[in-house]
Amino acid sequence: MKFMKLGTKSDTFYTEQATRTLTSDIASDLMIQINDVTYLLHRFALLPKCGLLQRLCYESSDAESVTVELHDIPGGEDAFELCAKFCYGISINISAHNFVSAFCAAKFLRMNESVEKGNFVGKLDSFFNSCILESWKDPIATLQSTATLPEWSENLGIVRKCIDSIIEKILTPSQQVKWSFTYTRPGYTKKQHHSVPKDWWTEDVSDLDIDLFRCIIMAIRSTYVLPPQLIGEALHVYACRWLPGITKLNKTSGSSASQTEESKLKNRKILETIVGMIPADRGSVSVGFLFRLLSISIHLNASSVIKTELIRRASLQFEEATVSDLLYPSKSSSDQNYYDIELVLAVLETFLKLWKRMSPGAVDNSYFLRSIRNVGKLIDSYLQVVARDDNMQVSKFVSLAETVPSIARADHNDLYKAIDIYLKVHPDLSKAEKKRLCGILDCQKLTPEVRGHAVKNELLPLRTVVQLLYFEQEKESMANTGHKLLKQHEMILGAKQRTTTKDSQSKQSLGTTQNLESREKDEHRNKRMDGNLALEMEKKMVIRGRDIEEKDESSSSYKLIRRARSKSEHSMKRADREK
């Protein structure tokens with residue numbers, strides 16, 4: 001940071017009972033009152049350089065002592081003392097931190113070149129243009145200091161000049177950046193990276209007030225020089241800098257509850273301003289960042305317009321999300337669940353509305369199928385995580401699972417894993433709750449390996465096990481029948497290909513064909529018998545299953561299930577050997 005040193009004399013100001021004066025052999029003849037501080041100074045030092053004091057003391061020029069009240073001087077007593085020391089020639093240092101107050105006070109006192117050449121205003125203005133505006137961090141520090149004197153800074157052009165200087169440097173190609181900047185990304189070191197990153201400016205600019213930050217971002221966007229993703233990165237850095245909870249917090253951390261209403265209002269303004277600045281381009285910000293903002297908006301009670309916009313933006317990129325992007329604790333005091341499943345459900349429902357509206361008229365249907373399948377897999381993986389929540393209600397779990405359309409799941413393997421985890425974590429579920437939970441599972445959409453695991457799963461309700469066993473037996477029967485028919489078909493083709501010239505050979509071929517037809521009829525009859533046997537088995541198991549539920553699952557009924565499961569396992573092993 002650059003600074004300007006003025007004056008050569010040592011500082012002889014001192015305080016005595018709320019009075020500021022300086023060591024001098026000459027008696028004081030000018031009393032300046034600013035708020036609760038009184039300055040005892042000399043007219044010969046201040047009047048030649050201060051046009052305002054010349055006018056105020058003109059009528060009292062013959063008086064031994066003059067009293068002047070300057071309660072409305074910008075910057076207060078600190079700024080006035082800098083001006084007074086300049087008049088006395090006492091050494092002072094001017095930097096970006098105290099420039100604004102000194103410049104505004106000097107303008108107030110009319111310390112212009114028209115009063116005296118080489119006056120304070122001229123020196124400050126020269127330092128501002130040649131030093132502060134030419135650097136990178138000094139204009140940012142100057143802008144920060146304008147918060148105490150916003151109107152004066154705006155009227156004197158300080159804000160506009162600083163913003164213009166910052167924007168000019170941001171739009172400079174990264175390979176031409178020669179000044180120092182702050183960049184603390186994990187894994188980045190200047191020694192290892194010789195090139196300047198494109199987002200080199202985002203951290204320094206994030207130190208500004210939200211209104212000044214917005215002015216810079218909107219001015220940059222209007223130039224259309226930087227890509228939307230770079231604007232989005234700047235918004236992300238600013239949100240991480242100022243918004244509480246932008247990083248994932250534990251529900252019991254209590255940091256949110258400790259916020260005052262005033263700080264909530266401030267943070268709500270920051271949130272709404274950031275959301276309003278997100279570029280319309282898809283992918284300008286990550287879907288994970290959108291979910292973070294949505295979670296914060298719920299806690300800060302942001303307007304419904306902001307929440308709706310965030311849900312819409314997140315739904316447009318929902319297929320790009322990962323499970324970690326969805327894992328946010330519930331902020332509701334009435335919600336006992338750890339994870340905010342309602343947030344995910346709201347985005348999912350909006351995504352499905354957009355998907356249904358866009359997919360029918362799509363030229364490339366494979367893209368929309370891939371999109372919905374990605375979301376289906378994402379939700380099932382998310383269910384496997386939230387299933388470990390001890391307080392997760394069956395109704396909420398099922399509601400989210402049922403919202404996913406059937407086309408979004410190529411199989412139900414991941415859904416079965418989520419249900420299995422939920423049953424293990426919640427062993428005290430009632431029969432009705434287990435039935436409701438497993439009712440969302442389609443047994444026909446399970447792969448053989450997963451179906452084999454499910455058949456042996458003691459946590460599943462009886463009705464689900466019966467369905468699994470039936471489909472397992474039906475599939476095995478169909479496989480065996482198909483194998484036999486294939487062999488018969490090969491034999492028939494072989495018979496047709498053989499050329500015969502003798503009648504005895506023709507009769508033998510005819511006899512073979514008749515035998516094959518007789519065998520085929522037998523096989524069809526056996527298939528019908530196997531099918532009837534499967535149906536009869538299901539009826540018996542369902543009837544006995546009901547007896548189990550009514551009689552509190554007697555030991556004899558359990559033996560029936562065990563025999564059925566053992567038969568299924570034996571069939572699966574035999575099928576593997578045949579393979």
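The shown structure was predicted, so the numbers you read here are calculated from the model rather than taken from an experiment.
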Residues 99-112, side-chain donor-acceptor partners within the protein, below 3.5 Å, at least two apart:
| residue | atom | partner | partner atom | Å |
| --- | --- | --- | --- | --- |
| S101 | OG | N98 | O | 3.2 |

Distance-only check: which donor-acceptor pairs under 3.5 Å involve side-chain atoms of residues 139-147, not counting sequence neighbours?
| residue | atom | partner | partner atom | Å |
| --- | --- | --- | --- | --- |
| T142 | OG1 | D138 | O | 2.8 |
| Q144 | NE2 | D207 | O | 3.1 |
| S145 | OG | T142 | O | 2.6 |
| T146 | OG1 | L143 | O | 2.4 |

Which pairs would a plain distance check flag for residues 155-167, meaning a side-chain donor or acceptor within less than 3.5 Å of a matching protein atom at least two apart in sequence or in another chain?
| residue | atom | partner | partner atom | Å |
| --- | --- | --- | --- | --- |
| N155 | ND2 | E151 | O | 3.1 |
| S165 | OG | L133 | O | 2.7 |
| S165 | OG | K169 | NZ | 2.8 |

Between side-chain atoms of residues 5-12 and protein atoms elsewhere (two or more places apart, or another chain), which donor-acceptor pairs fall under 3.5 Å?
| residue | atom | partner | partner atom | Å |
| --- | --- | --- | --- | --- |
| K9 | NZ | Y88 | O | 3.4 |
| D11 | OD1 | F13 | N | 3.0 |
| D11 | OD2 | K85 | NZ | 2.8 |

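For the side-chain hydrogen bond (donor to acceptor under 3.5 Å, both in side chains) condition, the pairs that include at least one residue of residues 301-312, sequence neighbours left out, are E309-R312. Sorted by first and then second residue, the side-chain hydrogen bond (donor to acceptor under 3.5 Å, both in side chains) pairs with a member in residues 218-232 form an empty list; sequence neighbours excluded.
For E116, the side-chain contact (heavy atoms from CB on, under 4.5 Å) partners two or more places apart in sequence, or in a different chain, are P48, K49, N119. Taking E272 as the reference, nothing meets the side chain to side chain donor-acceptor pair (under 3.5 Å) condition, with sequence neighbours excluded. Scored by the side chain to side chain donor-acceptor pair (under 3.5 Å) test, E113 finds no partners at all (sequence neighbours excluded). A search for side-chain contact (heavy atoms from CB on, under 4.5 Å) contacts involving I298 returns D340, L343, not counting sequence neighbours. In this structure, the side-chain contact (heavy atoms from CB on, under 4.5 Å) partners of Q176, at least two apart in sequence or on a different chain, are T172, P173. Remark: P150 pairs with no residue by the side-chain contact (heavy atoms from CB on, under 4.5 Å) rule, at least two apart or across chains.
Within the 4.5 Å cutoff, the side chain of I217 has heavy atoms near those of the I231 side chain.
Side chains of R20 and T15: a donor-acceptor N/O pair is present below 3.5 angstrom, by distance only.
The aromatic rings of W179 and W136 lie parallel to each other, their planes meeting at an angle below 30°, with 60° marking the opposite boundary.
Ionic pairing of D211 and K269 is present here: one or more N-O contacts between side-chain nitrogen and carboxylate oxygen are shorter than 4.0 angstrom.
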